[in-house]
J.: 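Provided herewith is a single structure, encoded as structure tokens, for subsequent inquiry.
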Amino acid sequence: MASLARAEELDAHDPLRSRRDLFVGSDDPGIVAYLDGNSLGRPLRASATRLAEFVPEAWGARLIRGWDEEWFDLPLTLGDRIGAVTLGAAPGQVVVGDSTTVLLYKLIRAAVDARPGRREIVVDTDNFPTDRYLVESIAAERDLVVRWIESDTRGGVTAPELEAVLSDDTALVLLSHVAYRSGFLADVPALTRLAHAAGALVLWDVCHSVASVPMDLDGWGVDIAVGCTYKYLNGGPGSPAFVYVRRELQESLEQPIQGWMGHAAPFDMGPGYSPAPGMRRFLSGTPSIVGMQALRDMVDLIDQVGMPAIRRKSETLTGFAIEVVDDWPASWGVEVATPRLPGSRGSHVTIEHPAFREMTAELWRRGVIPDFRAPQGMRLGLSPLSTSHVELWNGLAAVRELLVRR
């Protein structure tokens, strides 16, 4: 049976337990439980120092010279680090760039244009709203057809569901590695193979999996992936997103937002646009150098710890959350809306109840911070390096108290 003692035991045997002290706010008495790391990760103490030093030193002392000394190449060098540490990507295939939305737009457009004569984009009905909105917008813009997969809001896209909508008219398949609502973990290799067999390209949204689920994008044969950096990569609010493009595809993809930073000779300021070789071609405007600073510390920490250890901790946290909720009386009407098999879920657990919208607001006032997803889902975002089992227990104890009072 799940209990505080069980939570304490799990923490005592957790090899990553000391890492929690590396994060700002881990000892804040006003926060009983931070259960929203899948929306915004806690900052590292090292990042607070780095950002404080950046203004007087890298910016204030080096000034414009910073571009020649480091900043111009930082989107590529940091991209390579993210690729090696979290994505299973060889160098030269990842760049840090714009927001997730802008990068998705660029790569969806580039992908469908790289499959001339094919008129369909496949996406599921429960994919993240931005992904769906962009597909609809680009389909209208390019006179294409959206082929919808009716996905389970408590699961995600399966191989039979994808196979049923693929045809020789499919240009692109856009799917999420971890479903934002249910936490379902998709079978990337199998789904990618199916799309390739139909002659389509695949774009994977890895926003809810990067730095919480190990990946092997190179080994899986992934074409394109886009991910954000403010969740499990702890880059901070508005930190820039990244894009992975398989090396063999890079020269054949023409991104539509042609800016000076993606030009082959940006400082020549010449007429006409000629894309830079490699991943630089997917940049547009001036990259967010300040927004990349906190990422550097988190990527270093992940590299030290290793993704396998992070994944093991994620599985114990999500498993314990499900154990706790399973112990609640069925009469309370709380249901787990996340796959129960550890290999089928990411690092968040969604539980459902009709009162969770109003209860989430009350929990926030009490210093317990999950998030809510309509119509009745409470998401427990469990960031493995900064969340303890006792913290999770305390948060769910507060949920339990509110349910008892109803």
J.: Might you point out which heavy atoms bring G88 and D216 nearest each other, and give the distance in Å?
T.: O-OD1, 3.8 Å
J.: Walk me through whether D223 and H196 qualify under side-chain hydrogen bond (donor to acceptor under 3.5 Å, both in side chains).
T.: CA-CA 10 Å; D223 299 315; H196 286 171; 2.7 Å; yes
J.: What's the separation between atom NZ in K313 and atom OG in S212, rounded to the nearest 0.5 Å?
T.: 13.0 Å
J.: Could you label the plane-to-plane angle of the W59 and F54 rings as parallel, tilted or perpendicular, counting under 30° as parallel and over 60° as perpendicular?
T.: tilted
J.: With the side chain counted from C-beta on, respond yes when K106 and F282 share a heavy-atom pair under 4.5 Å apart, and no when they do not.
T.: no
J.: Run through E53, E69, E57, E70 and flag the one making a salt bridge (charged side-chain N to carboxylate O under 4.0 Å, His left out) with R62.
T.: E69
J.: Distance-only, no hydrogens or angles: does the S284 side chain make a donor-acceptor pair with backbone N or O of I257 under 3.5 Å?
T.: yes
J.: Show your reasoning for whether salt bridge (Lys or Arg N to Asp or Glu O under 4.0 Å) applies to R311 and E315.
T.: CA-CA 6 Å; R311 178 59 175 164; E315 290 180 352; 3.3 Å; yes
J.: Flag yes if more than 12 heavy atoms outside E163 fall under 6.0 Å of its CD atom; otherwise flag no.
T.: no
J.: Would you find a donor on one side and an acceptor on the other, under 3.5 Å apart, between the side chain of Q250 and the backbone of V245?
T.: yes
J.: Closer than 3.5 angstrom, by distance alone: can the side chain of T338 be matched with the main-chain N or O of T350 as a donor-acceptor pair?
T.: yes
J.: Is there side-chain contact between V210 and K231, with heavy atoms separated by less than 4.5 Å?
T.: no
J.: Quick check against the 3.5 Å criterion: does R20 have a side-chain atom that pairs as donor or acceptor with the backbone of S386?
T.: yes
J.: Taking the basic N atoms (NZ, or NE/NH1/NH2) and the acidic carboxylate oxygens, is any pair closer than 4.0 Å for D169 and R147?
T.: no
J.: Has H389 got a side-chain atom pairing as donor or acceptor with E9's backbone, closer than 3.5 angstrom?
T.: no
J.: If you compare all heavy atoms of L87 against all heavy atoms of F242, which two are closest, and at what distance to 0.1 Å?
T.: CD1-CE1, 3.6 Å
J.: Does a side-chain N-to-carboxylate-O contact under 4.0 Å join D11 and R17?
T.: no
J.: Could you tell me if the side chain of L253 sits less than 4.5 Å from the side chain of I224, heavy atoms only?
T.: yes
J.: Identify all side-chain donor-acceptor contacts of residues 197-206 below 3.5 Å with residues at least two apart in sequence or on another chain.
T.:
unit_1, atom_1, unit_2, atom_2, d
W204, NE1, T192, OG1, 3.0
D205, OD1, C207, N, 2.9

J.: Please report the closest heavy-atom contact between L76 and R280, naming both atoms and the distance.
T.: CD1-NH2, 3.4 Å
J.: Within a strict 4.5 Å, meaning less than it, do heavy atoms of the V324 and R400 side chains meet?
T.: no
J.: Is a side-chain N or O of R132 found less than 3.5 angstrom from the main chain of N127, in a donor-acceptor match?
T.: yes
J.: For the CG atom of D68 and the CZ atom of F72, what is their distance to the nearest 0.5 Å?
T.: 9.5 Å
J.: If I take atom CG from residue L396 and atom CD from residue E323, how far apart are they, to the nearest 0.5 angstrom?
T.: 11.5 Å
J.: Angle class for the W260/F267 ring planes (parallel below 30°, perpendicular above 60°, tilted otherwise)?
T.: perpendicular
J.: Is it true that R154 and E352 make a salt bridge, defined as a side-chain N closer than 4.0 Å to a carboxylate O?
T.: yes
J.: Flag the pair D300 and R81 as a salt bridge only when some basic side-chain nitrogen lies within less than 4.0 angstrom of an acidic carboxylate oxygen.
T.: yes
J.: At their closest point, which heavy atom of G235 faces which heavy atom of A294, and how far apart are they?
T.: O-CB, 3.7 Å
J.: So, does Q255 use its side chain to make a donor-acceptor pair with the main chain of A110 at under 3.5 Å?
T.: no
J.: Taking atom CH2 of W71 as the centre, report whether more than 12 heavy atoms of other residues, nucleotides or ligands fall under 6.0 Å from it.
T.: yes
J.: Under 4.5 Å between any side-chain heavy atoms of P287 and V96, yes or no?
T.: no
J.: State plainly whether the residues D28 and R42 are in salt-bridge range, i.e. N to O under 4.0 Å.
T.: no
J.: Taking the side chain as every heavy atom from C-beta outward, state whether N38 and Y232 have any atom pair closer than 4.5 Å.
T.: yes
J.: For the residue pair F356 and H353, does the interplanar ring angle fall in the parallel (under 30°), tilted (30 to 60°) or perpendicular (over 60°) class?
T.: tilted
J.: Is a donor from one side chain sitting under 3.5 angstrom from an acceptor on the other, for T318 and R345?
T.: yes
J.: Which atoms form the tightest heavy-atom contact between L103 and V243, and what is the distance?
T.: CD1-N, 4.0 Å
J.: Please check if the side chain of R193 supplies one atom and the backbone of W220 the other of a donor-acceptor pair under 3.5 Å.
T.: no
J.: Whether the side chain of S151 engages the backbone of V157 through a donor-acceptor N/O pair (distance < 3.5 Å, no angle test) should be reported.
T.: no
J.: With heavy-atom distances below 4.5 Å as the criterion, would you say the side chains of L166 and V173 are in contact?
T.: yes
J.: Contact between L35 and L382 at the side-chain level, heavy atoms closer than 4.5 Å - yes or no?
T.: yes
J.: Report the C-alpha separation of R373 and D126 in whole Å, then their side-chain angles, then the decisive distance to 0.1 Å, and conclude whether the salt bridge (Lys or Arg N to Asp or Glu O under 4.0 Å) test is met.
T.: CA-CA 12 Å; R373 287 293 178 265; D126 202 46; over 6 Å; no
J.: Under 4.0 Å between a side-chain nitrogen and a carboxylate oxygen: does that hold for R366 and E401?
T.: yes
J.: Can you name the nearest heavy-atom pair linking S314 to S347, along with the distance?
T.: OG-OG, 2.9 Å
J.: Ignoring hydrogens and geometry beyond distance, is a side-chain donor-acceptor pair present between H208 and S176 at under 3.5 Å?
T.: no
J.: Do the side chain of S26 and the main chain of F23 share a donor and acceptor less than 3.5 angstrom apart?
T.: yes
J.: With sequence neighbours left out, which residue pairs that include part of residues 126-164 fulfil the ring-ring contact (aromatic ring centres under 6.0 Å, His included) condition?
T.: F128-Y180
J.: Please report the interatomic distance CG(L44) to CZ(R296), rounded to the nearest 0.5 Å.
T.: 14.0 Å
J.: Check this for me: E136, atom CD, are more than 12 non-hydrogen atoms of other residues, nucleotides or ligands nearer than 6.0 Å?
T.: yes
